[in-house]
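Right, one structure below, let's go through it.
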Amino acid sequence: QVRVVESGGGLVQAGGSLRLSCVASGRSFSTYTMGWFRQTPGKEREFVAAISWSGGSTYYADSVKGRFTISRDNAKNSVYLQMNSLKPEDTAVYYCATKTSTGGYNYKSSYEYWGEGTQVAVSS
């Protein structure tokens, strides 16, 4: 079992920045691809970014490419999402998850262990 806990959300003005953090329990953390997803009320949870187990490969949704950066520190069992140039449409609950299947990195069905999310609100 893996426990995932996100933090770092908050309220920020458009154009501002936030850094989300995610800590996952378990000795196998360094073997997992990790992903960030987000969800707004009434909508499907959507892919934001993912990072391979080594950190050597990163993947982004087109909507955040060039503004968000995903990184990880395996020694701290942690993954981060640096969000810059935030827009009101980035407002959502952000979730961190561990990828445990061979499915695509951008499919939520490829991820098994999820945190409870952290709220990000961007005001215009």
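Computed over heavy atoms, backbone and side chain alike; hydrogens, waters and symmetry mates excluded.
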Closest approach of Ser109 and Ser101, non-hydrogen atoms and distance? O-OG, 4.4 Å

According to ring-ring contact (aromatic ring centres under 6.0 Å, His included), who are the partners of Tyr105, at least two apart in sequence or on a separate chain? Phe47, Tyr59

Please report, to 0.1 Å, the donor-acceptor pairs under 3.5 Å made by any side chain of residues 13-26, with sequence neighbours excluded.
| unit_1 | atom_1 | unit_2 | atom_2 | d |
| --- | --- | --- | --- | --- |
| Ser17 | OG | Asn84 | OD1 | 2.9 |
| Ser25 | OG | Arg3 | N | 2.8 |

In short, disulfide (SG to SG under 2.5 Å) pairs touching residues 31-78 with sequence neighbours left out are none

Going by the disulfide (SG to SG under 2.5 Å) test, which pairs reach into residues 33-91, not counting sequence neighbours? none

Quick test of your reading: applying salt bridge (Lys or Arg N to Asp or Glu O under 4.0 Å), list the pairs with at least one residue in residues 67-83, sequence neighbours left out, ordered by first then second residue. Arg67-Asp90

For residues 113-124, which side-chain N or O atoms pair as donor and acceptor with protein atoms under 3.5 Å away, sequence neighbours left out?
| unit_1 | atom_1 | unit_2 | atom_2 | d |
| --- | --- | --- | --- | --- |
| Trp114 | NE1 | Tyr111 | O | 3.4 |
| Thr118 | OG1 | Gly9 | N | 3.0 |
| Gln119 | NE2 | Ala92 | O | 3.3 |

Would you mind listing every disulfide (SG to SG under 2.5 Å) that reaches into residues 55-85, with sequence neighbours excluded? none

Please report the interatomic distance OG1(Thr33) to CD1(Ile51), rounded to the nearest 0.5 Å. 9.0 Å

Which residues pass the side-chain contact (heavy atoms from CB on, under 4.5 Å) test with Ser30, not counting sequence neighbours? Asn74

Tell me every residue that passes side-chain contact (heavy atoms from CB on, under 4.5 Å) with Lys43, counting only those two or more places apart in sequence or in another chain. Thr40

Taking side chain to side chain donor-acceptor pair (under 3.5 Å) as the cut-off, I'd like each qualifying pair that reaches into residues 44-53, sequence neighbours left out, listed once. Arg38-Glu46, Gln39-Arg45, Glu44-Lys108

Gap separating the CZ atom of Phe29 from the OG atom of Ser78, nearest 0.5 angstrom: 6.0 Å

Any pair with a residue in residues 55-66 that passes salt bridge (Lys or Arg N to Asp or Glu O under 4.0 Å), sequence neighbours left out, goes on the list, sorted by first then second residue, please. Asp62-Lys65

Are any of the side-chain heavy atoms of Val2 and Tyr32 separated by less than 4.5 Å? yes

For Ile70 and Trp36, which heavy atoms make the closest approach, and how far apart are they? CD1-CD1, 3.6 Å

